[in-house]
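Below, chains carry the letters A, B, ... as their sequence lines are ordered, and counting in each starts from 1. Every value quoted in this text rests on a predicted model; they were computed, and no experiment measured them.
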Amino acid sequence: MELEKLLNSEQYEAATTIEGPLLILAGAGSGKTRVLTYRIAHMIEEKGISPYDLLAITFTNKAANEMKERIVSLVGNVAHSMWISTFHSSCARILRMDIDKLGYKSDFTIYDTYDQKSLMKQVMEQSNLDPKSFSEKEIRGVISNAKNSLITPFEYKKEHEHDYRKNRIADAYILYQKKLKENNALDFDDIIMKTVELFEKHKDVLEKYREKFKYVMVDEYQDTNHAQYKLVRLLTIEHKNICVVGDDDQSIYKFRGADITNILDFEKDFPDARVIKLEKNYRSVGSILNAANSIIRMNDNRSDKNLITTRDVGEKLKVYKAPTDVAEAMFVVSEIEKIYRDGRKYGEFAILYRTNAQSRRFEERLMKEGIPYRLIGGVKFYERKEIKDIVAYLRIISNPLEEVSLRRIINVPKRSIGEATLGKLSDRAIEAEENMLDIIYDVEKHDILTNRGINAVNGFADLIKDFTKKKEELSVSELVEYILVETGYLKELEESKSPEDLSRVENLGEFVNLAIEYEKSAEEPNLFEFLENIALVSDIDSYDEDEDAVTLMTIHSAKGLEFPAVFIVGMENGLFPSAGDLDSKSDLEEARRLAYVGITRAEDLLYMTYAESRMVYGRTVNYPPSDFLMDIPNNLKVFLRGSKTKSRRKVNPHTLKYGERQQGVKDFNLDEILERAGQIIDSKPKNLENMEIELGSKVKHSAFGEGTIVSKEDITNDVKVTVAFDSKGLKTLMLSLAPLEVID
DNA sequence: TACGCCCCAGTTTTT
DNA sequence: CTGGGGCGTA
């Protein structure tokens, strides 16, 4: 391995600095993953460090798997058994070993947001919190923030002793946490917080991992929250072999507790830290990168760095104003078709938006045009009802203490165990201080139900007992199929006529396939590991880059990805930046970072579009163009006009057809809108119209003087001309932009 | 117990 | 406009 040849000098520095604290500030597209993988390979191959002494943490399974595969290709299969995983997977793995020390059992269940919601509803009911004055969402938010900041329920209560409202929430937090424990369950935030707790309360455990992980690496460090920060710090504070990689300009998860000061203050935390900046961008052409830079430059709270592209200037980014959101989608899709005809594949396009709700219009249009697309986000596979149902069965079998799942499926499919019966079972469980499943197993003894109820409950109990027995005999996939048949779940769906239920059957089939895949890949397949995998994956993990389809997703989801051609849509104040962002400086800065992330996804072509009017929550709103558009200097962008005056149409012959298609839509004036937004578009001389230009035409440029057109080429939405100027030589210019006029 | 109607809220979400 | 949840009625 000749790292010097494979990496540029900064990358090389970063990959070969192994001992001591290291901060790699890696700008967008600067080859960060490359550095990380070579760094690990270098440690193993050249430095003789054992692969088992390393801990590499990422935020997504996708990133972890990619890194693992790349390291496998460099150092071989040993990489498969390395600790290269997400915060949550690593912590779950640690907790499985030692969580009994905190009073949980090692087969704990991981609760997702849905499970948290249902548990929180129980909590609110039990603690008489009026849903009118306390929303379940708010309380979950407060608890999540507390956990991310490592504040325990009792600390929270103490901290807010004199605040009635917060006190009530504190009580909910206490009860919620109690119930989680009774269910032998952890929510996502617990996974980190409990690991920290384990390390702090049991120094022997901490010591074990400190010794094991002699070298720790954290990717996307700008997105760590306080709990994650603390965890990393606990592990590394002694040997200080910590390498963090990140880009403060790409910190876009503040709303989820990410603390940008973790990365900004790394040098304070580790005073002898090396800092290496990767500022060469290999991804985006110059105009795109400079557009991104011009936006991010406006932020105050950032580390000093300046990304420079290694590529050409490239085409200017294209700004398009549509009259409506529907027209916006029409434009984007037509543009995709046009560029596709010029030889790009559908898989090279991405449509990025601020909110998932915006995807609809684009889907409709793509579908109409028969263009393949894939939608990332929205309702996720594992959040589908039928999948949650079968998972609930599996969870009860795996963790009999788990009640949220029990409540979910005790009457699914219908077996006449309604709210009333469930209430009696639950009350009895609380009274007897037993878990509900035990009550169900012995329901006659408790004398709380009528005969009809007893029969129904017994039927359910027999099912679960049978499944629990079968767990030992059947593989996970077989168990899944067995449950679907024995409960009658599958039958009910198959007998239904609705197409929705048909797709549910398909999804369940897909779920069985996933189980089979899991069995093939796992060393020792077992139910709770399978469940853990399910709990800790997301849609983006299964995103297949090779599929030839246009990608639709939020800008958040696009982080870490890149596309030759990107459309960022909905560039309007009120949407992006969103209304709330405009009031607060830090929110606006985060929105700018989001814009930065979006722009830097693009390699060759970037479009930004906005609509004069759009439907939001069923109302038509008129948002002004986004401030971000104005932050991009005019020499980097070109305005395309969908509908406007004749002269403008001629400048951009390609846009004419959009204008025509939009007949009947109210015409309006871009410049007016820009002015209304308090922005001034640069007033340049009237530009030439395409029709007037011919090879050999004599033209006059306001700066270069007189010359002759020597070539003319139609490119996307513009015409590129080369002019031989009498005094300044050859220049290549964009017709729509260049201040040219024909002279006789 | 089960369905249907009404009312309400409504960013972003790697886990 | 949507989806979800609460609540009333068959």
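Of the two residues contacting DNA chain C, namely A:K132 and A:R360, the nearest-nucleotide position lying further toward the 5' end is that of A:R360. Between A:T421 and A:Y617, it is A:T421 whose nearest contact on DNA chain B lies nearer the 5' terminus. If you find the closest nucleotide of DNA chain B to A:H88 and to A:I417, the one lying nearer the 5' end belongs to A:I417.
Ranking B:dA2, B:dT14, C:dG5 by closeness to the A:K414 side chain, first place goes to B:dA2. Residue A:H556 has its side chain nearest to B:dT13 when only B:dG10, B:dT14, B:dT13 are considered. Among the nucleotides B:dT15, B:dT11, B:dA2, the one closest to any side-chain atom of A:N61 is B:dT15. Considering only side-chain atoms of A:T554, the nucleotide from B:dT11, B:dT15, B:dT12 that sits closest is B:dT12. When distances are taken from the side chain of A:K559 to each of B:dT14, B:dA2, B:dT12, the shortest belongs to B:dT14. Comparing C:dC1, C:dG6, B:dT14 by their nearest atom to the side chain of A:M615 picks out C:dC1.
At least one side-chain heavy atom of A:Y209 sits under 4.5 Å from a side-chain heavy atom of A:M97. In this structure, A:R361 and A:R614 have side chains that are not in contact, with every pair of non-hydrogen atoms separated by 4.5 Å or more.
Under the side chain to side chain donor-acceptor pair (under 3.5 Å) criterion, A:D187 pairs with A:K147, A:Y176, sequence neighbours left out. Residues that satisfy the side chain to side chain contact (heavy atoms under 4.5 Å, CB included) test with A:V196, not counting sequence neighbours, are A:L150, A:E200, A:K230, A:L231, A:L234. Shown here are the side chain to side chain donor-acceptor pair (under 3.5 Å) partners of A:E562, two or more places apart in sequence or in another chain: A:R283. Residues that satisfy the side chain to side chain contact (heavy atoms under 4.5 Å, CB included) test with A:E197, not counting sequence neighbours, are A:L102, A:K194, A:K201. For the ring-ring contact (aromatic ring centres under 6.0 Å, His included) test, residues two or more places apart in sequence or in another chain that qualify with A:F576 are A:F628.
If you take NZ on A:K559 and CG on A:L594, they are separated by 10.0 Å, rounding to the nearest 0.5 Å. One distance of note links OG of A:S426 with CD of A:Q122; it measures 7.0 Å at 0.5 Å rounding.
Residue-level contact check: A:A420 touches the backbone only, with heavy atoms under 4.0 Å from sugar-phosphate atoms and none from bases. The residue A:Y253 sits close to a base: some heavy atom pair falls under 4.0 Å. Within 4.0 Å of A:K117, counting heavy atoms only, lies no atom of the nucleic acid at all. Among the atoms of the strands shown, none is found under 4.0 Å from any heavy atom of A:D112. A:L422 comes within 4.0 angstrom of nothing in the nucleic acid, heavy atoms only. In this structure, A:S89 reaches neither bases nor backbone, as no heavy-atom distance under 4.0 Å exists between it and the strands shown.
The distance from atom CD1 of A:I376 to atom P of B:dT14 is 11 Å, rounded to the nearest whole Å. The CD-P distance, from A:E136 to B:dG10, rounds to 11 Å in whole Å. Atom-to-atom, CZ of A:R619 to C1' of C:dT2 comes out at 14 Å; the value is rounded to the nearest Å. The separation between A:E572 atom CD and B:dT11 atom P is 17 Å, rounded to whole Å. Atom-to-atom, CE of A:M553 to C1' of B:dT13 comes out at 14 Å; the value is rounded to the nearest Å. Taking atom CZ on A:F188 and atom C1' on B:dT15, their separation rounds to 5 Å, with Å as the unit. B:dT12 atom P lies 15 Å from atom CG of A:L552, rounded to whole Å. For A:D223 and B:dT13, the CG to C1' distance is 11 Å, given to the nearest whole Å.
Residue A:N356 has a polar side-chain atom (N or O) positioned under 4.0 Å from OP1 or OP2 of B:dT13. A sub-4.0 Å separation between OP1 or OP2 of B:dT12 and a side-chain N or O of A:S557 is absent. Distances shown here put every side-chain N or O of A:T355 at or beyond 4.0 Å from the OP1 or OP2 atom of B:dG10.
Scanning residues 575-602 of chain A for heavy-atom distances under 4.0 Å to DNA chain B yields A:S578, A:D581.
Lacking a ring centre under 5.5 Å from that of the base six-membered ring together with a plane angle below 30°, A:F255 does not count as stacked on B:dT13.
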